[in-house]
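What you see below is based on every heavy atom in this structure, not just the backbone, and it leaves out hydrogens, waters and symmetry mates. All figures in this text were calculated on a predicted structure; none of them were measured in a lab. Throughout, numbering of the chain's residues begins at 1 and tracks the sequence.
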Amino acid sequence: MSTLWSGRFAVDPDRAVFEFGKSLSVDRRLVEDDLTGSRAWAEALGRAGVLATADVQAIVAGLEAIREGVRADPSLFDRADDEDVHSFVERELVARIGDAGRR
């Protein structure tokens with residue numbers, strides 16, 4: 001199980017508690033907004049000099065690939081065990097572009 005707080009605790013949260021708080025089935029409808037906001041944030045961090053140009057380009061390309069992927073196959077959500085839509089996007093981004101996706 002991968003969560004937003006991974007690395008902060010020694011063990012995973014109780015599965016029943018995680019399932020109770022899980023919202024991906026509801027907030028998956030926000031995926032376009034999450035992708036748009038994540039892209040804008042990456043581009044802003046690039047303009048501010050916080051992210052390298054190569055990272056910004058990789059992040060933007062990865063986010064757009066996710067956008068096309070969920071448009072083409074919405075069942076991507078059905079196979080996901082993520083807590084919420086942002087966790088889904090982050091996991092997909094890291095899977096597609098590697099460590100830059102964590103930025």
Could you measure the distance from the NE2 atom of His86 to the CG atom of Leu30? Nearest 0.5 Å is fine. 12.5 Å

If I take atom CG from residue Asp82 and atom OG from residue Ser23, how far apart are they, to the nearest 0.5 angstrom? 10.5 Å

Check: [Y] and [X] side chains under 4.5 Å, non-hydrogen atoms:
X: Phe88; Y: Leu76; result: yes
X: Arg47; Y: Val50; result: no
X: Leu35; Y: Val89; result: yes
X: Leu24; Y: Asp84; result: no
X: Glu43; Y: Val60; result: yes
X: Gln57; Y: Thr53; result: yes
X: Arg91; Y: Asp81; result: no
X: Glu90; Y: Ser38; result: no

Looking at [X] and [Y], does any basic side-chain N land under 4.0 Å from a carboxylate oxygen?
X: Arg39; Y: Asp34; answer: no
X: Arg28; Y: Asp78; answer: yes
X: Asp99; Y: Arg103; answer: yes

If hydrophobic clusters are built from ILVMFWY residues whose side chains come within less than 4.5 Å, do Trp41 and Val94 share one? no

For the student: nearest non-hydrogen atoms of [X] and [Y], plus distance:
X: Leu93; Y: Ile66; result: N-CD1, 3.5 Å
X: Ala42; Y: Ile59; result: CB-CG2, 3.7 Å
X: Asp55; Y: Ala100; result: OD1-CB, 3.6 Å

